[in-house]
There are 2 protein chains.
Amino acid sequence: MAEPLPVPMLDPASGSSVDRLNRVFAALADPIRRDIVARLSAADATVGELAEPYEVSTQAVSKHLKVLEDAGLVSRSRDAQKRPCHLEAEVFDLMTKWIERYRRQAEERFSRLDAVLAAMDDENENEDQRGAAS
Amino acid sequence: MAEPLPVPMLDPASGSSVDRLNRVFAALADPIRRDIVARLSAADATVGELAEPYEVSTQAVSKHLKVLEDAGLVSRSRDAQKRPCHLEAEVFDLMTKWIERYRRQAEERFSRLDAVLAAMDDENENEDQRGAAS
DNA sequence: CACTTATGCAACCGAAAGGTTGACAACATT
DNA sequence: AATGTTGTCAACCTTTCGGTTGCATAAGTG
């Protein structure tokens with residue numbers, strides 16, 4: 001039941017959607033970087049401005065921004081010595097799509113009677129899903 | 001413009017929402033773990049079943065599952081020696097909320113004339129967002 | 001009870017993350 | 001030209017990560 005599903009696959013190809021997701025999720029796993037994203041959602045800002053609230057060096061923040069940039073979450077332009085950072089919100093779509101896809105499927109499975117029926121079927125509900133993911 | 005906003009702050013308190021997000025995002029930063037989540041969205045599965053497709057040891061997968069469990073994405077029950085893994089889809093809400101919040105704000109800012117006006121204001125658009133994010 | 005199945009735990013390892021400091025490039029100002 | 005500002009690069013250190021192997025544990029099966 002429930003067609004085979006497109007099946008994602010672990011292709012490590014650099015530049016692939018998988019690789020992109022790796023970077024985006026990893027980038028947002030750090031609280032400082034998430035906070036930076038949060039602040040950039042309100043307004044563009046320079047490295048110095050962004051670094052100010054935290055108790056780490058500007059270099060550290062510069063590194064964080066590089067991570068965010070490599071993940072495609074932030075872009076930087078130039079204004080004299082300053083390099084204003086801008087949030088690229090489109091990347092959020094990538095994550096949202098991934099999340100929603102599996103959330104929906106899980107909820108679907110949960111709300112359908114399948115779960116209940118399977119539970120009544122007792123022990124053999126474990127082997128009907130072999131084609132799973134990739 | 002744009003009220004102060006709840007402001008998140010970098011509280012490292014273990015168990016806090018911030019800490020939770022750290023773990024969830026970090027958990028999903030690994031392609032194998034994302035794939036496991038994908039497969040679990042289709043059906044519960046045991047460690048062995050989950051490990052089979054990958055070229056790593058079962059212990060490695062066991063570790064991955066621990067990470068997912070600590071992040072609250074997966075729960076495990078018992079069935080004889082087997083420990084069926086189940087996807088806890090509610091956690092997705094936490095991420096979705098976080099993402100949508102800032103995505104929306106960024107888009108709002110983009111679509112409103114603020115950006116244009118601020119740009120015309122030239123240099124002084126940088127100091128109106130101090131209380132940032134939450 | 002011995003044996004196989006299914007998992008977890010501990011120790012170890014190389015690589016990557018996140019931080020620091022110190023030098024340096026680029027531009028503005030004087 | 002000299003100086004200050006803004007940001008990056010490079011080297012280094014420590015901690016975490018993802019993987020391995022080997023052994024222990026738990027629970028069905030002969």
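Please read all numbers here as calculations on a predicted model, not as lab measurements. Below, read A as the first sequence line, B as the second, and so on, with proteins coming before strands; counting in each chain starts at 1.
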Next on the checklist: Looking at C:dG8, I'd like to know if its phosphate oxygens (OP1 or OP2) sit under 4.0 Å from a side-chain N or O belonging to B:R76.
Outcome noted: yes
Item to check | Euclidean distance, atom CG of residue B:N22 to atom P of D:dT15 [Å, nearest integer] | outcome: 19 Å
Next on the checklist: Give the residues of residues 55-65 of chain A touching DNA chain C, defined as any heavy atom closer than 4.0 Å, sorted by residue number.
Outcome noted: A:E55, A:V56, A:S57, A:Q59, A:A60, A:K63, A:H64
Checklist entry - Between B:R78 (side chain) and B:P84 (backbone), is there a donor-acceptor pair under 3.5 Å? => result no
Item to check | Rounded distance (Å) that lies between atom P of C:dA16 and atom CG of A:D19 | outcome: 13 Å
Checklist entry - Does a nitrogen or oxygen in the side chain of A:R33 sit under 4.0 Å from OP1 or OP2 of C:dG18? => result yes
Pairs under 3.5 angstrom only: tabulate donor-acceptor contacts from the side chains of residues 88-96 of chain B to other protein residues two or more places apart or in another chain.
unit_1	atom_1	unit_2	atom_2	d
B:E88	OE2	B:S75	OG	2.8
B:D93	OD1	A:R103	NH1	2.1
B:T96	OG1	B:F92	O	2.9

Checklist entry - Yes or no on side chain to side chain contact (heavy atoms under 4.5 Å, CB included) for B:W98 and A:V37, after CA distance, side-chain angles and deciding distance? => result CA-CA 11 Å; B:W98 190 89; A:V37 166; 3.9 Å; yes
Checklist entry - Between C:dC9, D:dA27, C:dG8, which nucleotide gets closest to the side-chain atoms of B:R83? => result C:dG8
Checklist outcome for this item: Note: for A:Q81 and B:Q81 on DNA chain C, the residue whose nearest nucleotide lies more 5' is B:Q81
Checklist entry - Quick one: does B:R83's side chain have a donor or acceptor within less than 3.5 Å of a partner on B:Q81's backbone? => result yes
Checklist entry - To the nearest angstrom, how far is A:E52 atom CD from D:dT5 atom P? => result 16 Å
Item to check | Distance, rounded to the nearest Å, where B:R78 contributes CZ and C:dA6 contributes P | outcome: 13 Å
Next on the checklist: Whole angstroms only, please: what is the CG-C1' distance between B:D35 and D:dG18?
Outcome noted: 16 Å
Next on the checklist: Could you check whether any side-chain N or O of B:R23 sits under 3.5 Å from a backbone N or O of B:D70, counting only pairs where one atom can act as donor and the other as acceptor?
Outcome noted: yes
Next on the checklist: I need the B:Q105 CD to A:L87 CG distance, nearest 0.5 Å.
Outcome noted: 9.5 Å
Checklist entry - In whole angstrom, what separates B:K66's NZ from D:dC17's C1'? => result 15 Å
Checklist entry - Are any of the side-chain nitrogens in A:K63 or A:D30 under 4.0 Å away from the carboxylate oxygens of its partner? => result no
Checklist entry - For B:Y54 and D:dT20, what is the distance between atoms OH and C1' respectively, to the nearest whole Å? => result 19 Å
Next on the checklist: If I take atom CG in residue A:D44 and atom C1' in nucleotide D:dT6, what distance separates them, rounded to the nearest angstrom?
Outcome noted: 17 Å
